[in-house]
Protein chains: 2
Amino acid sequence: MQNKALDGYISYALATAHRSVDTSIKARLKKHGVQLEAWRIMECLDTENHLTMGALAKAVLINPPTLSKLVDRMVSDGLVHRLIAESDHRQINLMLTDLGRHRMLQIRKDVEDQDEVLIGKLDGREQSVLIDLLFKLSN
Amino acid sequence: MQNKALDGYISYALATAHRSVDTSIKARLKKHGVQLEAWRIMECLDTENHLTMGALAKAVLINPPTLSKLVDRMVSDGLVHRLIAESDHRQINLMLTDLGRHRMLQIRKDVEDQDEVLIGKLDGREQSVLIDLLFKLSN
DNA sequence: TGAAATTATTTTCCAAGTCAACTAAAATTA
DNA sequence: TAATTTTAGTTGACTTGGAAAATAATTTCA
C-alpha cells in the first residue's frame with residue numbers, strides 16, 4: 001500500500017495516523033469557518049476560566065506567537081475577548097463570548113461525530129490501550 | 001497536568017503525541033538544515049526508484065503543491081533532480097543525487113536515535129500494539 | 001530601593017502551506 | 001481521428017506558522 005522505507009519508524013506511524021485523523025476532522029470543520037485549534041481554545045476556556053495565553057498555548061499544542069495571531073482573528077470574529085489579568089498585568093485572560101460558546105457547541109458535535117467514526121475502528125479495549133500508549137509518548 | 005476539556009478525544013491524544021514526537025525530531029534535524037519531510041522523500045527514493053510526485057506526496061504525507069515547492073528547494077540544494085518519466089510525459093521521476101544519499105544517511109542516524117528514545121518509553125509488546133492501532137486509524 | 005534578570009505576550013520578518021486556477025500530456029469516446 | 005474529459009504536476013495569490021527580537025510587567029537581590 002505504501003513505500004516500505006519509512007514503515008518501522010514509530011514517528012512515521014504516528015504521523016500517518018495523525019495526518020489521516022486531522023484531515024478528516026478539518027474537512028468537517030471547514031463549513032464552520034473555524035480552525036480546529038480555535039475550537040480547542042474555546043473548549044478549554046469553557047471548562048477552565050481565566051486561562052492565560054501561555055497555558056492555552058500548551059493545552060492546544062501551538063506556539064505562543066501562533067496563538068497570539070489566532071486569538072487576534074478570534075477576537076475580530078467575536079468569539080473571545082482579551083482581558084488583562086488582575087494579579088499580573090503581563091498576563092492575558094481570554095474570555096469566551098456568548099457567540100463563541102454557541103459556535104463551540106455546534107462545532108463540538110462535528111468533532112464528536114468524527115471521533116465516533118475513529119473510535120469505531122477500534123474496540124473498547126483497544127481504545128483505552130491506545131490512549132494510554134499515546135500518553136506515554138507525549139513528553 | 002493539562003486542561004480536562006479535551007482529554008477523551010482520540011484526535012487530541014493523537015495530536016498531543018504527534019506534536020511531542022515531531023518537535024523532538026525536528027529539533028534534531030535542525031542542524032542538518034533539512035526538513036523532516038525532505039528526509040522522508042530521500043528515504044523513499046532510495047528504496048524505490050522511479051517514484052512519481054503523486055506517489056511521493058502520499059508517502060510523505062504532504063499535499064502535491066507543498067511537495068512541488070519542497071522539491072524545488074531540494075533541487076537547488078542539489079539533493080535530488082527531476083526527470084520526466086519515459087512512459088508518461090506528465091509524470092516526474094525524482095532521482096536522488098550522490099549528495100542526497102550522503103545527507104540522507106547522516107540524517108537517518110539522528111532520526112533513528114530519536115526513534116530509539118521514543119521506543120524506550122514502551123516495551124516490546126507495547127510497541128507492536130501501538131503500531132498496529134495507529135495503522136487501524138490511518139484511513 | 002533600584003539596577004539586573006526573568007517572565008508573559010506580542011511584533012516583525014521571512015519561510016512554508018493552502019486553495020484554486022493553469023498547463024500540458026494522456027485517455028476516452030463519439 | 002478530432003473533440004472532450006481526465007490526470008499529473010506546477011504556479012500564483014493569499015494565509016498561516018516560526019524564530020528571534022521587542023515590549024512591558026514582575027521578581028530578584030545587592
Side-chain angles (χ1 to χ4, degrees), chain A residues 15 18-19 22-41 44-45 50-77 80-95, chain B residues 15 18-20 22-41 44-45 50-77 79-95:
Chain A
H18 177 255
R19 157 108 173 158
D22 219 51
T23 301
S24 52
I25 293 193
K26 282 176 177 167
R28 283 204 189 227
L29 292 202
K30 207 167 178 182
K31 64 171 175 292
H32 297 285
V34 172
Q35 260 172 280
L36 174 56
E37 290 76 12
W39 168 73
R40 287 185 177 144
I41 289 171
C44 288
L45 293 177
H50 300 300
L51 273 174
T52 64
M53 296 294 276
L56 258 177
K58 275 177 201 155
V60 305
L61 315 171
I62 61 184
N63 298 325
T66 303
L67 178 61
S68 253
K69 289 163 197 169
L70 176 51
V71 167
D72 286 347
R73 280 172 253 144
M74 293 175 75
V75 168
S76 56
D77 290 345
V80 298
H81 58 89
R82 286 182 168 93
L83 210 62
I84 294 176
E86 279 300 318
S87 53
D88 184 336
H89 286 199
R90 289 170 304 182
Q91 298 187 134
I92 297 290
N93 290 142
L94 281 190
M95 306 291 292
Chain B
H18 177 255
R19 158 109 172 156
S20 163
D22 218 52
T23 301
S24 53
I25 294 193
K26 282 175 177 167
R28 283 205 188 226
L29 293 202
K30 207 168 176 180
K31 63 170 175 294
H32 297 285
V34 172
Q35 260 173 279
L36 174 56
E37 289 77 11
W39 168 72
R40 287 186 178 144
I41 288 171
C44 288
L45 293 177
H50 301 301
L51 273 174
T52 64
M53 296 293 276
L56 259 178
K58 275 178 202 156
V60 305
L61 314 171
I62 62 184
N63 298 325
T66 305
L67 178 62
S68 252
K69 288 164 191 170
L70 175 50
V71 167
D72 286 347
R73 280 173 253 141
M74 293 175 74
V75 168
S76 55
D77 290 345
L79 302 175
V80 297
H81 58 89
R82 286 182 168 93
L83 210 62
I84 293 175
E86 277 302 317
S87 53
D88 183 337
H89 287 200
R90 289 169 305 180
Q91 297 187 135
I92 297 289
N93 290 142
L94 281 189
M95 306 291 291

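Throughout, protein chains are lettered first and strands after them, A, B, ... in sequence-line order, and every chain is numbered starting at 1. Only a predicted model underlies this, so the values are computations on that prediction, with no experimental measurement involved.
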Discussion item. Looking at every non-hydrogen atom in both residues, tell me the closest pair between A/H18 and B/A15 and how far apart they are.
Written reply: CD2-CA, 3.7 Å
Practice prompt. Kindly give the heavy-atom pair with the smallest separation between B/L67 and B/A57, and that separation in Å.
Written response: CD2-N, 3.6 Å
Worksheet item: Where each residue is assigned the nucleotide of DNA chain D containing its nearest heavy atom, which of A/D88 and A/R73 is assigned the position nearer the 5′ end?
Response: A/R73
Fill in: 5' precedence on DNA chain D between A/S87 and A/T66 (nearest-nucleotide basis)
A/T66
Worksheet, complete the sentence: DNA chain C: first to last nucleotide in contact with chain B (atom under 4.0 angstrom from a heavy atom), 5' to 3', is C/dA16 to C/dA26
Discussion item. Could you tell me the boundaries of the chain B footprint on DNA chain D, defined by atoms under 4.0 Å from its heavy atoms?
Written reply: D/dT7 to D/dA13
Side chains of [X] and [Y]: closer than 4.5 Å at any heavy-atom pair?
X     : Y     : value
A/L45 : A/L56 : yes
B/L29 : B/V34 : no
A/L83 : A/L94 : no
A/V80 : A/V75 : yes
B/I92 : B/T52 : no

Discussion item. Taking the basic N atoms (NZ, or NE/NH1/NH2) and the acidic carboxylate oxygens, is any pair closer than 4.0 Å for B/D77 and B/R73?
Written reply: no
